[in-house]
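Only one structure is covered here, and it is reproduced in the block below.
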Amino acid sequence: MHDVKAIRLDPIAFDRGLARRGLPAASEAVLALDQARRDAQTALQEAQARRKQVAALVGKAKAAGDSKAADALLSEAEALKDSIAEQAGAEADLAERLHSLLAGLPNLPDAAVPEGRDESANQEVRRWGEPWTAGPRRDHADLGAALKLMDFEAAARLSGARFVVLKGGLARLERALGQFMLDMQTAEHGYTEVAPPLLVRREALYGTGQLPKFEEDLFRTTDDRWLIPTAEVSLTNLVAGQLMDEADLPLRVTALTPCFRAEAGASGRDTKGMIRQHQFNKVEMVSIVAPEQSDAELERMTSCAEAILKRLELPFRTMALCTGDLGFSARRTFDIEVWVASQQTYREISSCSNCGDFQARRMDARFRTPGEKGSRFVHTLNGSGLAVGRALVAVMEHYQDEDGAIAIPQALHPYLSGLTRIEAGA
RNA sequence: GGAGAGGUGGCUGAGCGGUUGAAAGCACCGCACUCGAAAUGCGGCAUACUCGUAAGGGUAUCGGGGGUUCGAAUCCCCCCCUCUCCGCCA
């Protein structure tokens with residue numbers, strides 16, 4: 001959510017920000033509505049002030065036993081009643097229109113974000129490890145099927161397309177990956193583990209920016225609760241409506257949860273394998289920080305995600321998203337892409353974003369600095385650390401051997417009680 | 001699911017139709033006392049919007065939304081949430 005005052009102050013900068021995202025200017029429409037709303041509000045408030053005055057005078061007149069004066073006042077009050085109702089309606093209508101206009105506008109890109117229309121303009125900021133270009137390149141779906149440990153057909157019978165059933169060693173490997181990631185974020189990176197709800201109210205989704213614009217990407221229950229598309233929703237909304245002390249910041253939380261996505265616009269894309277599923281596990285990191293710290297926190301968070309891939313010895317590159325590829329709530333984002341051997345390309349496995357105060361405004365999440373008057377909105381950041389399903393894909397393809405068996409990365413050995421290789425049927 | 005009790009400022013908690021934006025306490029800030037601190041005393045201390053160059057006004061907000069009334073934190077209705085008891089249940 002944008003600060004109307006900031007738009008009033010510098011509409012040009014606002015429109016320039018939208019233009020960087022490839023969107024048309026909006027400040028004129030916003031400011032017109034804003035002005036109309038304020039005029040309506042001023043008129044309403046004048047009427048309300050008079051009503052208050054009259055009501056107080058009625059009380060006094062009655063107390064003094066002056067029924068003549070009271071009657072005169074009463075008839076004025078009667079007249080005010082209708083006009084106040086009307087003006088209040090007009091004001092509420094304008095406020096609603098302004099709010100829904102504003103609620104649909106994305107965050108503005110940070111100055112540091114590279115210019116560009118789409119993902120082709122994203123900039124590589126660093127690269128780590130050697131891509132697997134020689135050796136076998138069977139994809140994880142074929143490997144999994146051959147091992148008889150990954151069953152898309154069974155999943156389709158149960159649930160339809162874009163689900164998978166993992167068995168035996170692969171189910172264990174998937175669990176080990178999640179466990180390992182969560183342990184690393186908590187024990188080594190200072191995030192507090194949280195086990196949050198997976199079903200949330202629409203208000204929570206509004207707070208992080210999935211609603212009202214991206215309803216079609218989400219699964220909804222019959223009682224109007226929604227399955228989280230990412231634990232970002234649950235974790236970030238932990239501070240919704242809260243007024244924190246600066247001493248509570250930074251607040252760093254993490255969770256390993258299933259994520260549910262309708263993948264509405266993605267039909268035909270990544271139809272084979274586990275790359276794009278309706279349900280997948282992910283370790284999510286969320287940081288709630290003071291505004292001055294959010295730039296540094298984004299770097300920190302990105303390195304917390306990268307650390308997982310380094311420990312797993314999986315090659316990756318880190319990309320700075322360009323203005324046209326930025327998500328709705330983000331002001332700046334780094335994607336981490338892991339090498340996927342079968343596709344001989346890097347695929348997104350983490351996305352770390354600084355949302356500035358954009359989500360905080362929508363959620364009303366503020367903090368107070370001792371000795372200072374008032375409060376300020378916090379800054380929120382979120383990042384995957386990492387997507388477990390895609391990590392499983394990368395591990396399988398990177399650690400496969402000629403026989404189609406999969407070696408288990410050193411870092412996961414403590415989680416698999418002695419298992420070091422996954423072979424057919426085990 | 002049934003019965004009951006509640007949701008008030010950062011927190012605790014009074015108020016239950018009129019001058020209450022809201023007592024009191026805690027927390028916090030300033031001042032005094034002190035070598036300093038504690039304790040104590042005095043004072044200050046909500047948020048949002050809005051009008052105004054400013055000084056300074058105004059309006060709204062007592063879980064949310066409607067309603068009654070000249071006037072609602074206070075009365076009525078709906079919803080949400082919390083707690084207690086009963087039932088059911090992983």
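Scope of the values below: all heavy atoms of this structure, side chains included, with no hydrogens, waters or symmetry mates. As the structure is a computational prediction, the values presented were derived from the model and not from experiment.
For A:R202, no side-chain nitrogen or oxygen approaches OP1 or OP2 of B:C80 to under 4.0 Å. Residue A:K52 places at least one side-chain N or O closer than 4.0 Å to OP1 or OP2 of B:A60. Look at A:R38 and you'll find a side-chain N or O under 4.0 angstrom from OP1 or OP2 of B:U50. An OP1 or OP2 oxygen of B:C80 is reached within less than 4.0 angstrom by no side-chain nitrogen or oxygen of A:R201.
The CZ-P distance, from A:R50 to B:G71, rounds to 14 Å in whole Å.
Looking only at distances, a side-chain donor or acceptor of A:R390 sits under 3.5 Å from a matching main-chain atom of A:I275.
Map A:K81 and A:Q41 each onto its nearest nucleotide of RNA chain B; the residue landing nearer the 5' end is A:Q41.
The distance from atom CD of A:E297 to atom CD1 of A:I288, rounded to the nearest 0.5 Å, is 9.5 Å.
Of the candidate nucleotides B:A60, B:C49, B:G18, B:A60 has the atom nearest to the side chain of A:Q48.
Residue A:V58 is in base contact, counting any heavy-atom pair closer than 4.0 Å across all strands shown. Across all strands, A:R8 comes closer than 4.0 Å only to sugar-phosphate atoms, never to a base (heavy-atom distances). The residue A:L74 sits close to a base: some heavy atom pair falls under 4.0 Å.
Here ring-ring contact (aromatic ring centres under 6.0 Å, His included) pairs that include residues 59-78 of chain A, with residues two or more places apart or in two chains, number zero.
Between A:R225 and A:D223 there is a salt bridge, since at least one side-chain N of the basic residue sits less than 4.0 Å from a carboxylate O of the acidic one.
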